[in-house]
Amino acid sequence: VVALVFDRLSQEASAVARKAALGYVGSAPESNALVGVFGIDLSLATHQNYTRDSAKLRKAIDGIGTRRHAQAESQGAAAREGGQPAAGGGNPLAVLEAGGEAAAQAAQQGAGAGAADAIAAAMQQRTRETFDALEREHQGLSTINALLALVNGMRAIPGRKSMVVFSEGFGTAANARERFRSLTDTANRANVSIYAMDAAGLRTESTSTETKEAINAAANQMLRRNPTTDVTGTSMTGALERANEMARNDPHVVLGQLTDETGGIL
């Protein structure tokens, strides 16, 4: 029994995933295994229930690319795609901290209109940061819940089962971390191995580059601060906590953990 699962994918990643799935199904009239085709968006969609009919499977896989996802676009992604410049060399953590420090310094110095502008900019940045975090958590939970439902559906079938997840990664922040542990535990009890495919394919940059930059920026910021004189309105470790969050959201980190802990391969 094999479940082919397509997570939220960009247009390019969807094409890569469909090609891989069609290659797996092949051109034979009948599959050697019971194969199901599923999609994850705001809910779990069954494109084709488990069957050995290869023609039905190929039709379902071809249809994946024609469906539009209701995925919300993050404020950060919208800003990047719109070409809006960002402070701190494009580093989101540097932008946030720069805004907070500017607001605090302006308020302390009584800079009048400049203080109000800096405070407004810091509030707007924190709003975007909070929304991005909540959005990642929501999307991560919907993906984890869908995988958990599929695992439970396969539980009653004896023997070893497999799930192939085509994904560009998903968040496991805050509440999603506990549900993620439940997913891996349930998969092991149900004898389900999860295999993951980074559907983004060949990347021009390492997935860890942004995380590395964020950690370096956080460390530099902590070294610059004097806890006895600097009043910024944020904790000294806030930047490191956000850098740690970015590390957990790295596609290869979460997909690697999912496969390693269930006996699969990324």
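What you see is a predicted model; the values in this text were computed from it and never measured.
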Return the [atom1] to [atom2] distance between [X] and [Y], rounded to the nearest 0.5 Å.
X    : Y    : atom1 : atom2 : result
N188 : E261 : CG    : CD    : 8.0 Å
R179 : L148 : CZ    : CG    : 7.0 Å
M197 : T259 : CE    : OG1   : 13.0 Å

Is there a side-chain contact between [X] and [Y] (heavy atoms, below 4.5 Å)?
X    : Y    : value
L147 : I40  : yes
I61  : L4   : yes
R155 : T186 : yes
S31  : S54  : yes
I64  : V37  : yes
Y50  : V35  : no
E12  : V16  : no
E30  : D53  : no

Q) Do F166 and Y195 have ring centroids that are under 6.0 Å from one another? A) no
**Q.** Candidate pair M154 and M163, rule side-chain contact (heavy atoms from CB on, under 4.5 Å), full reasoning
**A.** CA-CA 10 Å; M154 304 167 84; M163 182 186 298; 4.3 Å; yes
Q: Go through the steps to decide whether L183 and L258 satisfy the test side-chain contact (heavy atoms from CB on, under 4.5 Å), and finish with yes or no.
A: CA-CA 9 Å; L183 168 62; L258 179 65; 3.7 Å; yes
(Q) Apply side-chain contact (heavy atoms from CB on, under 4.5 Å) to residues V1 and V192 and explain how you reach the verdict. (A) CA-CA 10 Å; V1 179; V192 176; over 6 Å; no
Heavy atoms only: give me the nearest [X]-[Y] pair and the separation to one decimal.
X    : Y    : answer
L266 : L255 : CD1-CB, 3.8 Å
V151 : A187 : CG1-CA, 3.7 Å
D41  : S142 : O-OG, 3.7 Å
R160 : T262 : NH2-O, 3.4 Å
A28  : R58  : O-NH1, 3.6 Å
A199 : A17  : CB-CB, 4.4 Å

**Q.** Shared hydrophobic cluster for L9 and V25 (ILVMFWY, side-chain gaps under 4.5 Å)
**A.** yes
Q) Are L141 and F131 grouped together when hydrophobic residues (ILVMFWY) are joined by side-chain heavy atoms under 4.5 angstrom apart? A) no
Q) Between K161 and A190, is there a donor-acceptor pair closer than 3.5 Å when you use the side chain of the first and the backbone of the second? A) yes
Q.
Does either side chain, that of T143 or that of R8, offer a donor lying less than 3.5 Å from an acceptor on the other one?
A. yes
Q: List the steps and the verdict of side-chain contact (heavy atoms from CB on, under 4.5 Å) for V164 and V5.
A: CA-CA 6 Å; V164 181; V5 187; over 6 Å; no
